[in-house]
Asker: 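Before we start, here is the structure in question, set down as structure tokens.
Bear in mind that the values here come from a model prediction, so they are computed numbers and not experimental data.
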Amino acid sequence: MEHSALLARQADYPFTDTLEKALTKIEHRLQESQLEDLRRHVGSIHIPAPSQSALLHPRLRELEQAIARRETLVLQYAKSFSGSVEERHIDPYGLIYRLGKWYLIAYCHQREALRVFRVDRMNSLSVTGRTFEMPEHFSVHDYMSRIHEYQDQNTKPKAKEPTLVTVRLQGRSEVLDTLCNQWFLQPYLVARSTDDEAEFRMRPDWMLQYMPYLLLSYGKGVKVLEPQQLRTVLSETARDLAAYYED
């Protein structure tokens with residue numbers, strides 16, 4: 001449980017104080033030899049300072065309470081780094097913490113399907129007064145595992161298909177961190193260097209279908225170093241958008 005408290009503190013878990021108080025009560029009941037053994041184990045683990053602000057705590061509390069009460073929410077959500085906001089009606093199923101970020105898995109009424117939302121991109125939440133029934137035996141962990149398994153399969157070249165292509169990006173550290181923390185890009189991430197570069201490996205068709213629009217949302221905060229094909233498509237897409245808004 002000591003380890004759980006340390007990890008909870010690292011993840012900015014909103015109920016860490018409650019967990020630590022319960023732990024203190026348990027420690028008071030341990031014998032001196034047991035307590036000393038526990039301290040030796042915990043002392044060998046170092047947990048870095050949390051990567052997220054404590055400002056997320058109220059939001060995480062709201063979400064956890066809504067999940068427990070099965071309450072449908074209205075969410076104001078920024079889809080990308082550009083900050084465009086959409087309103088979504090969602091049924092929150094569960095929270096998951098991955099690579100320094102909190103994510104919410106929820107049923108989106110507009111999309112009529114499960115979606116993954118970054119908690120730090122939620123501008124506001126409000127309850128609707130409606131409740132929902134969660135599917136029996138639903139597991140957040142199993143759902144995320146299936147998504148990553150599906151993406152892993154799609155990164156493997158099939159017979160008579162092109163081999164995987166390397167995508168190298170360069171940009172401001174905070175922008176690259178945001179990009180690399182995108183849950184749908186994580187299966188493709190190969191390296192994140194200290195030189196403000198990131199490298200991905202993916203199928204060319206997937207790259208050309210999704211990456212240009214994703215990268216455009218980051219503006220000049222990120223630059224494509226390779227491949228040239230992606231640079232060309234990105235440039236053409238930007239010119240098409242400019243021409244569209246000049247009409």
Asker: Quick one: pull up CD1 in Ile90 and CZ in Phe117 and give me the separation to the nearest 0.5 Å.
Answerer: 5.5 Å
Asker: Would you check if the side chain of Thr72 reaches a backbone N or O of Thr128 as a donor-acceptor pair within less than 3.5 Å?
Answerer: no
Asker: Please set out all donor-acceptor pairs under 3.5 angstrom arising from side-chain atoms of residues 105-113, sequence neighbours excluded.
Answerer:
| unit_1 | atom_1 | unit_2 | atom_2 | d |
| --- | --- | --- | --- | --- |
| His109 | NE2 | Asp91 | OD1 | 3.0 |
| His109 | NE2 | Asp91 | OD2 | 3.2 |
| Gln110 | OE1 | His89 | N | 3.1 |
| Gln110 | NE2 | Glu87 | O | 3.1 |

Asker: Show your reasoning for whether side-chain contact (heavy atoms from CB on, under 4.5 Å) applies to Met122 and Leu63.
Answerer: CA-CA 11 Å; Met122 297 179 179; Leu63 291 171; 3.9 Å; yes
Asker: Nearest 0.5 Å, please: how far is CH2 in Trp206 from OH in Tyr188?
Answerer: 5.0 Å
Asker: Does Leu179 reach the side chain of Arg192, with side-chain heavy atoms less than 4.5 Å apart?
Answerer: no
Asker: Please tell me if the side chains of Cys180 and Leu185 come closer than 4.5 Å, counting only heavy atoms from C-beta onward.
Answerer: no
Asker: What pair of heavy atoms forms the shortest contact from Gly94 to Val140, and how long is it?
Answerer: CA-CG2, 3.5 Å
Asker: Is Val127 reachable from Leu104 through a run of I, L, V, M, F, W or Y residues, each pair having side-chain heavy atoms under 4.5 Å apart?
Answerer: yes
Asker: Tell me which pairs pass salt bridge (Lys or Arg N to Asp or Glu O under 4.0 Å) where either residue lies in residues 122-139, with sequence neighbours left out.
Answerer: none
Asker: The test is side-chain contact (heavy atoms from CB on, under 4.5 Å); show your working for Ile96 and Val116 and say whether it passes.
Answerer: CA-CA 10 Å; Ile96 189 168; Val116 180; 5.9 Å; no
Asker: Roughly how far, to the nearest 0.5 Å, is OH of Tyr93 from CZ of Arg115?
Answerer: 12.5 Å
Asker: Do Ser235 and Arg231 have side-chain N/O donor and acceptor atoms under 3.5 Å apart?
Answerer: no
Asker: Listed by chain and number, what are the ring-ring contact (aromatic ring centres under 6.0 Å, His included) partners of Tyr213, not counting sequence neighbours?
Answerer: none
Asker: Return the CG to CD distance between Asp177 and Gln182, rounded to the nearest 0.5 Å.
Answerer: 12.0 Å
Asker: What's the shortest heavy-atom distance between Ala78 and Asn123, and which atoms?
Answerer: CB-OD1, 4.5 Å
Asker: Using side-chain heavy atoms (C-beta onward) and a distance below 4.5 Å, is Tyr97 in contact with Leu60?
Answerer: no
Asker: Hey, does Leu225 have a side-chain heavy atom less than 4.5 Å from the side chain of Leu169?
Answerer: no
Asker: Nearest 0.5 angstrom please: Leu234 CG to Gln228 CD, how far?
Answerer: 11.0 Å
Asker: Grab the two heavy atoms, one from Leu95 and one from Glu64, that are nearest each other, plus how far apart they are.
Answerer: CD1-N, 4.4 Å
Asker: Determine whether Glu199 and Thr166 satisfy the following criterion, side-chain contact (heavy atoms from CB on, under 4.5 Å), listing intermediate values before the conclusion.
Answerer: CA-CA 7 Å; Glu199 181 178 322; Thr166 296; 3.6 Å; yes
Asker: Might you point out which heavy atoms bring Arg118 and Tyr77 nearest each other, and give the distance in Å?
Answerer: N-OH, 2.8 Å
Asker: Keeping the roles fixed (side chain from Glu71, backbone from Gly129), state whether a donor-acceptor pair exists under 3.5 Å.
Answerer: no
Asker: Can you name the salt bridge (charged side-chain N to carboxylate O under 4.0 Å, His left out) partners of Arg168, sequence neighbours left out?
Answerer: Glu197, Glu226
Asker: Compare every heavy atom of Leu164 with every heavy atom of Arg201, then report the nearest pair and how far apart it is.
Answerer: NH1-O, 3.2 Å
Asker: State which residues pass salt bridge (charged side-chain N to carboxylate O under 4.0 Å, His left out) with Asp196; sequence neighbours excluded, sorted by chain then number.
Answerer: none
Asker: Which heavy atom of Val190 sits nearest a heavy atom of Phe200, and at what distance?
Answerer: CG2-C, 4.1 Å
Asker: To the nearest 0.5 Å, tell me how far Leu73 CG sits from Gln65 CD.
Answerer: 11.0 Å
Asker: According to a 4.5 Å side-chain heavy-atom criterion applied to Ile, Leu, Val, Met, Phe, Trp and Tyr, with indirect links allowed, do Tyr210 and Leu176 form part of one hydrophobic cluster?
Answerer: yes
Asker: Tell me every residue that passes salt bridge (charged side-chain N to carboxylate O under 4.0 Å, His left out) with Glu62, counting only those two or more places apart in sequence or in another chain.
Answerer: Arg59
Asker: Where do Met211 and Val224 land on the side-chain contact (heavy atoms from CB on, under 4.5 Å) test, with the steps shown first?
Answerer: CA-CA 10 Å; Met211 292 301 286; Val224 177; over 6 Å; no
